[in-house]
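Read through the structure below, which is laid out as structure tokens, and then see the notes.
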Amino acid sequence: MAEASAEERILAAIRAVPRGQVAAYGHIARRAGLPGRARLVARILGGNEDPDLPWHRILRSDGRIAFPEGSRGWREQSQRLRAEGVAVERGRVRMPAADVSLDAMIWGPG
DNA sequence: AAGTTGACTAAAT
DNA sequence: CATTTAGCCAACT
């Protein structure tokens with residue numbers, strides 16, 4: 001059968017981020033088998049329509065929300081994150097240290 | 001078909 | 001740490 005499209009793999013990677021956890025665009029791209037395509041992840045999120053997609057768990061690599069500060073999306077993302085227990089301060093969260101063992105625990109053996 | 005754009009990143013300042 | 005700079009890459013003009 002046909003292999004999953006890049007977009008499908010990216011969406012799957014996003015859906016795989018556990019509640020209360022966050023991941024960077026680049027991290028998702030990598031997990032989807034598309035290293036260096038962070039901007040593609042952003043693009044897909046922008047066009048996404050699925051209300052169940054945990055888009056709010058995706059942040060920039062430095063832990064900052066990608067929307068302009070104060071904008072609608074910025075506010076909603078902070079709110080959604082706090083709603084699941086993530087500490088958001090000044091539109092920024094503490095990014096999980098790229099811990100290999102924890103990464104494997106979360107993402108699985110791949 | 002060449003140039004622009006952007007929910008990005010890593011490195012330098 | 002916060003800011004700036006240069007690089008990146010697919011979609012869109």
Side-chain angles (χ1 to χ4, degrees):
Chain A
M1 65 165 209
E3 8 180 309
S5 69
E7 176 169 344
E8 282 171 18
R9 291 202 306 271
I10 288 174
L11 289 174
I14 293 171
R15 277 188 263 262
V17 179
R19 192 172 201 283
Q21 267 282 328
V22 297
Y25 294 88
H27 225 145
I28 295 299
R30 209 147 122 115
R31 186 69 194 95
L34 300 164
R37 295 349 179 234
R39 300 190 104 134
L40 181 57
V41 173
R43 240 198 82 64
I44 289 173
L45 275 180
N48 173 68
E49 301 284 341
D50 184 355
D52 292 325
L53 189 76
W55 58 269
H56 56 280
R57 303 192 190 141
I58 313 306
L59 312 173
R60 287 192 182 164
S61 60
D62 60 4
R64 293 194 53 186
I65 288 178
F67 292 109
E69 181 167 353
S71 70
R72 178 95 180 303
W74 185 92
R75 275 177 317 214
E76 172 154 4
Q77 185 160 15
S78 332
Q79 184 175 13
R80 278 169 171 271
L81 283 172
R82 293 200 176 104
E84 44 185 78
V86 177
V88 185
E89 284 177 59
R90 242 169 134 229
R92 178 185 283 182
V93 319
R94 289 266 210 169
M95 277 302 258
D99 200 310
V100 184
S101 57
L102 178 58
D103 188 79
M105 182 82 82
I106 294 172
W107 297 103

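Chain A is the first sequence line, chain B the second, and so forth, proteins listed ahead of strands; every chain is numbered from 1.
With rounding to the nearest 0.5 Å, the separation of CH2 in A:W55 from CG in A:L11 is 15.0 Å. Expressed to the nearest 0.5 Å, how far CE of A:M95 lies from CG of A:D62 amounts to 8.0 Å.
If you measure from atom CE of A:M95 to atom P of B:dT9, you get 8 Å, rounded to the nearest angstrom. In this structure, the CD1 atom of A:I65 is 14 Å from the P atom of B:dT9, given to the nearest Å. Protein atom CD of A:E89 is 15 Å distant from nucleotide atom C1' of C:dC1, rounded to whole Å. Atom-to-atom, CG of A:L59 to C1' of B:dC8 comes out at 12 Å; the value is rounded to the nearest Å. The nearest whole Å value for the distance from the CZ atom in A:R64 to the P atom in B:dG6 is 18 Å.
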Tabulate atom names and distances for all N/O pairs under 3.5 angstrom spanning the protein and nucleotides 10-13 of chain B.
none

Could you list the donor-acceptor pairs under 3.5 angstrom formed between side-chain atoms of residues 37-48 of chain A and any protein atom two or more places apart in sequence or on another chain?
residue: A:R37; atom: NH1; partner: A:P35; partner atom: O; Å: 2.6
residue: A:N48; atom: OD1; partner: A:D50; partner atom: N; Å: 3.2
residue: A:N48; atom: ND2; partner: A:D50; partner atom: O; Å: 3.1

In a table with atom names and distances, give each donor-acceptor pair under 3.5 Å that connects a side chain of residues 77-85 of chain A to protein atoms at least two apart or in another chain.
residue: A:Q77; atom: NE2; partner: A:H56; partner atom: O; Å: 2.9
residue: A:Q77; atom: NE2; partner: A:I58; partner atom: O; Å: 2.9
residue: A:S78; atom: OG; partner: A:W74; partner atom: O; Å: 2.6
residue: A:R80; atom: NE; partner: A:E76; partner atom: OE2; Å: 2.8
residue: A:R80; atom: NH2; partner: A:E76; partner atom: OE2; Å: 3.4
residue: A:R82; atom: NE; partner: A:V88; partner atom: O; Å: 3.4
residue: A:R82; atom: NH2; partner: A:V88; partner atom: O; Å: 2.7
residue: A:E84; atom: OE1; partner: A:H56; partner atom: NE2; Å: 2.9
residue: A:E84; atom: OE1; partner: A:R57; partner atom: NE; Å: 3.4
residue: A:E84; atom: OE1; partner: A:R57; partner atom: NH2; Å: 3.3
residue: A:E84; atom: OE2; partner: A:G20; partner atom: N; Å: 2.7
residue: A:E84; atom: OE2; partner: A:R57; partner atom: NE; Å: 2.8

Given side chain to side chain contact (heavy atoms under 4.5 Å, CB included), test A:I28 with A:I10 step by step and report yes or no.
CA-CA 7 Å; A:I28 295 299; A:I10 288 174; 4.1 Å; yes
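Evaluation of the salt bridge (charged side-chain N to carboxylate O under 4.0 Å, His left out) test over residues 5-14 of chain A, restricted to residues two or more places apart or in two chains, returns none.
A:A24 comes within contact range of the sugar-phosphate backbone alone, with a heavy-atom separation under 4.0 Å but no base atom that close. Using a 4.0 Å heavy-atom criterion, one finds that A:R92 contacts the sugar-phosphate atoms exclusively. In this structure, A:G26 reaches the sugar-phosphate backbone alone: every heavy-atom distance under 4.0 Å involves primed, P, OP1 or OP2 atoms, never a base.
Using a 4.5 Å cut-off on side-chain heavy atoms (C-beta onward), A:L53 and A:R15 make contact.
For DNA chain B, none of the residues of residues 75-83 of chain A falls under the heavy-atom distance limit of 4.0 Å.
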Can you check each nucleotide of nucleotides 5-13 of chain C against protein heavy atoms at under 4.0 Å and return B for base, S for sugar-phosphate only, - for none, in 5' to 3' order?
--BBBSSS-
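Of all heavy-atom pairs between A:S61 and A:A24, the closest is CA-CB, 3.7 Å.
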